[in-house]
Amino acid sequence: MKRGIVGLLGMMLLLGAPGVWADPPEHAKAKQAENAERQAERAAEREERKVEEEWQRERRKAREEAERERRKAEKAREREVEARDREAKQEAEERRRDAEHRREEAVKEAEARDREAEREAAEARRDAEERRREAQKEAEARAEQARKQAKEVEPPR
């Protein structure tokens, strides 16, 4: 039984049962003051942590906002570059089409000049052939005339 009572008293001491450790009133006041001071320190630390966390949140928000703005600006620059590329591509395509059109026009003009030159050459050949025929007819007519005159001048035998 002794063990039971000793054990019980020990448990009471460990658990701090009232009346087992009877603190003198001054000691209790000092302890209360200490506890109040520790609680105030803990409250101040909690408040400081809250302020620090709030500051960290604000910094994180500012960083995220700055990152969003940077990404928006980067996207805008990319869109601008793409627009310039598209514009340059369109201008190059227009220049290529213009050059192709000019080349086609030049080919058509050259073909028209060739046809005109061929027509003029054919006309010149026809004119030359006609002049040759006329000249030949004139030569034959003069020869015939000359033979007639020769027959008239020459006495018959």
Side-chain angles (χ1 to χ4, degrees), residues 1-140:
M1 196 142 154
K2 225 179 180 183
R3 256 176 41 191
I5 292 175
V6 172
L8 184 62
L9 282 175
M11 290 297 285
M12 288 175 77
L13 283 173
L14 284 175
L15 294 174
V20 175
W21 284 114
D23 287 335
E26 312 82 46
H27 187 66
K29 285 183 184 175
K31 208 169 194 179
Q32 278 180 345
E34 261 181 49
N35 286 342
E37 188 178 322
R38 274 198 302 264
Q39 284 178 349
E41 284 177 7
R42 283 196 298 266
E45 287 174 0
R46 275 195 306 272
E47 187 61 32
E48 195 175 309
R49 274 196 308 273
K50 277 185 185 177
V51 168
E52 179 70 20
E53 287 170 0
E54 182 64 27
W55 182 74
Q56 291 291 344
R57 268 195 301 277
E58 291 298 321
R59 278 190 58 202
R60 189 174 58 248
K61 281 182 184 177
R63 276 196 311 266
E64 289 170 354
E65 182 64 27
E67 181 65 20
R68 276 194 297 276
E69 289 298 321
R70 187 190 63 76
R71 280 195 300 267
K72 274 172 49 178
E74 191 174 306
K75 283 182 182 178
R77 279 193 300 274
E78 287 174 4
R79 283 192 299 271
E80 189 176 307
V81 166
E82 288 172 358
R84 278 196 303 256
D85 288 348
R86 274 194 309 274
E87 207 172 280
K89 204 181 267 187
Q90 284 176 345
E91 287 175 6
E93 181 64 21
E94 286 176 15
R95 285 193 301 274
R96 186 193 64 74
R97 279 196 302 265
D98 288 348
E100 179 73 19
H101 182 69
R102 284 193 303 273
R103 187 186 63 76
E104 289 172 358
E105 288 297 316
V107 166
K108 286 178 184 175
E109 288 174 13
E111 288 173 351
R113 282 193 303 272
D114 289 348
R115 284 192 301 274
E116 182 64 23
E118 282 181 31
R119 189 185 60 72
E120 288 175 0
E123 193 174 303
R125 281 193 301 272
R126 281 193 303 273
D127 289 349
E129 182 66 26
E130 194 175 310
R131 284 193 303 273
R132 187 188 63 75
R133 280 194 216 114
E134 286 178 12
Q136 187 176 357
K137 283 181 184 176
E138 281 182 28
E140 286 175 3

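Note on Arg132 versus Glu129: salt bridge recorded, some NZ/NE/NH1/NH2 to OD/OE distance being below 4.0 Å. Glu130 and Arg126 are not joined by a salt bridge, as no carboxylate oxygen comes within less than 4.0 angstrom of a charged side-chain nitrogen. Between Glu116 and Arg119 a salt bridge is recorded (basic side-chain N to carboxylate O distance below 4.0 Å). Arg49 and Glu53 are not joined by a salt bridge, as no carboxylate oxygen comes within less than 4.0 angstrom of a charged side-chain nitrogen. A salt bridge does not link Glu104 with Lys108: every distance from a Lys NZ or Arg NE/NH1/NH2 to an Asp or Glu carboxylate oxygen is 4.0 Å or more.
Gln90 and Glu94 form no side-chain donor-acceptor contact under 3.5 Å, judged by distance and modelled atom types alone.
Here the CZ atom belonging to Arg79 is positioned 11.0 Å from the CZ atom belonging to Arg77, to the nearest 0.5 angstrom. Between the CZ atom in Arg84 and the CD atom in Glu91 there is a gap of 12.5 Å [rounded to 0.5 Å].
You'll find the side chain of Arg46 stays beyond 4.5 Å of the side chain of Lys50, heavy atoms only. Counting heavy atoms from C-beta outward, Glu118 and Arg115 have side chains that stay 4.5 Å or more apart. No side-chain heavy atom of Glu134 sits under 4.5 Å from any side-chain heavy atom of Lys137. Between Arg86 and Lys89, the closest side-chain pair of non-hydrogen atoms is not below 4.5 Å. No side-chain heavy atom of Arg102 sits under 4.5 Å from any side-chain heavy atom of Glu105.
When the options Glu67, Lys61, Glu69, Arg63 are evaluated for a side chain to side chain contact (heavy atoms under 4.5 Å, CB included) with Glu65, the one that passes is Glu69.
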